[in-house]
J.: 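Below are the structure tokens for one structure; questions will follow.
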2 protein chains.
Amino acid sequence: MKRRDFGQYCGLARALELVGERWALLIVRNLIVRPRRYSELQTGLSGIPTNVLATRLKELEQAGIVERQVAPAPARGVVYALTEVGRSLEPALLSLARWGATQLGDPQPGDVVTPEGAVLSLRTAFQPSQAAGLTASWEIHVRGAVVHAVITDGELVTGLGPAPVEPGLVMVPQLADDQLAAYRVIIAVMRDGLVELRGDRELLDTFLRVFTVPLAA
Amino acid sequence: MKRRDFGQYCGLARALELVGERWALLIVRNLIVRPRRYSELQTGLSGIPTNVLATRLKELEQAGIVERQVAPAPARGVVYALTEVGRSLEPALLSLARWGATQLGDPQPGDVVTPEGAVLSLRTAFQPSQAAGLTASWEIHVRGAVVHAVITDGELVTGLGPAPVEPGLVMVPQLADDQLAAYRVIIAVMRDGLVELRGDRELLDTFLRVFTVPLAA
DNA sequence: CTGCATCCACTTTGATACTG
DNA sequence: CAGTATCAAAGTGGATGCAG
């Protein structure tokens, strides 16, 4: 298995040799949210061929980015997780996602949105400068899925599922059936006030201020 | 020419659809330094097949990232330049390069280093926090190539060729013939004092402090 | 010369089927 | 569940051709 390289001694070229192949960064993205089983990755990466997923995981493992763990005790099986090196990709990944978000047009028919995408979007949209010193927490409920965002003294933690602490505000945007549950759609809907709130309603404005969707230039 | 997409409405997926294909980001990297002719790109991207370069340029043009300009007056011919959207990729590109730099091993036989790579390395290594309020300028001369770095009140401008202003310090690292002129090699050599200086010698320490090579975790 | 287009061998990807 | 096997289609790398 010889790696095709770019023949340049350069950080960018190296990065692309390691995670530049098709699907690789999207796999890392899904693992950034939390460790995953093979089948979870398969469904989360709507459309990835199974042989490509298997190949990428092996390459990423060899590159020291992903770790293949055989889960212990109760829920045994195989779990893929990021290594420290893999986690250190997050700033670059968010930076790319932020740029890509400015280049998003309208959803194409067939496009899907995954809860992982929502978590990533939250981290992408997060404006540290707007959150300095802030402590607050939210849950967003959309079509059965729940994601949380907890800011502690300006530091953001996000993830799937309910918040680890009682959230300051629970937001349930009222999406029409034909609306895609994409982050920017959710933000737009909430901005229009089409949202059910439970908790401190003032936190809605705070949320909209701290998590700003990047727009096209 | 239908684009292969990832079927996800997600900023990262969008970014990868636009610049995720092989060689694409390296082309953008070279154009970030300055606009280029086709043949300059070809030699700067050591090893890129000509048909792939042509294809990528068309795709990047269609994506609104690259502009094909027919050069006017004296030096006529075709010139490729980044659009505003293309330039807005720089933070993401530097972020990826910074990560990749931590994953660089030793140079492989056959690896090349381009002046563009050096400029990119300067921007990658730049530590804004160390440069707050600073005003200074340098030139580095290596094997006939010259790159400059000018910091004005903490803001960095780098490029190929001599500095637009009289540089505060000219540095000529003494590389052995068998040493690759890679950024990290140059830094190591200069840190060891193997460098010829012309100008304010105290700016050497400043330089080494402000432009720190990212190291492996 | 520059700026590609064409052709061809080879590799990677996508889609589907199948197995321990 | 966690992959491997198979095969067609698309993409890549390398060489060459050719018009302005």
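Chain naming here is simple, since letters A, B, ... match the order of the sequence lines and numbering starts at 1 in each.
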J.: On DNA chain C, does the nearest nucleotide to Gly47(A) precede the nearest nucleotide to Glu40(B) from the 5' side, or the other way round? Give the residue.
T.: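 The residue closer to the strand's 5' end, by nearest nucleotide, is Glu40(B).
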
J.: Using a strict cut-off of less than 4.0 Å between a Lys/Arg side-chain nitrogen and an Asp/Glu carboxylate oxygen, indicate whether Glu84(A) and Arg87(A) qualify as a salt bridge.
T.: yes

J.: Verify the contact: side-chain N or O of Arg4(B) to OP1 or OP2 of dG14(C), cut-off strictly under 4.0 Å; return yes or no.
T.: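 Checking Arg4(B) against dG14(C): at least one side-chain N or O falls below 4.0 Å of OP1 or OP2.
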
J.: Using the six-membered ring of Phe6(B), assess whether NZ or CZ of Arg22(A) lies under 6.0 Å from its centre and within 45 degrees of the ring axis.
T.: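 Geometry flag: set, cation within 6.0 Å and 45°.
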
J.: Kindly point out which of dT2(C), dA5(C), dT12(D) is positioned nearest to the side chain of Lys58(B)?
T.: dA5(C)

J.: Using heavy atoms to find the nearest nucleotide of DNA chain D for Arg22(B) and Thr55(A) separately, return the residue whose nucleotide is more 5′.
T.: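 Whichever sits nearer the 5' end wins; that is Thr55(A).
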
J.: Anything under 3.5 Å between a protein N or O and an N or O of nucleotides 18-20 of chain D, put it in a table, one pair a line.
T.:
none

J.: Given dG3(D), dT13(C), dC4(C), which nucleotide is nearest the side-chain atoms of Ala54(A)?
T.: dG3(D)

J.: How bent is the helix from dC1(C)-dG20(D) to dG20(C)-dC1(D), comparing axes over its five end pairs at each side, to the nearest 10°?
T.: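 Answer rounded to 10°: the end axes differ by 30°.
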
J.: Can you identify which nucleotide, out of dT12(D), dT2(C), dT4(D), has its nearest atom closest to the Tyr38(A) side chain?
T.: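 Side chain of Tyr38(A) sits closest to dT4(D).
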
J.: Compare the minimum distances between each of dT12(D), dT13(C), dG3(C) and the side chain of Arg56(A), then state the nucleotide with the smallest one.
T.: dT13(C)

J.: Show each protein N/O and nucleotides 16-20 of chain C N/O combination with a separation under 3.5 Å, one pair to a line.
T.:
none

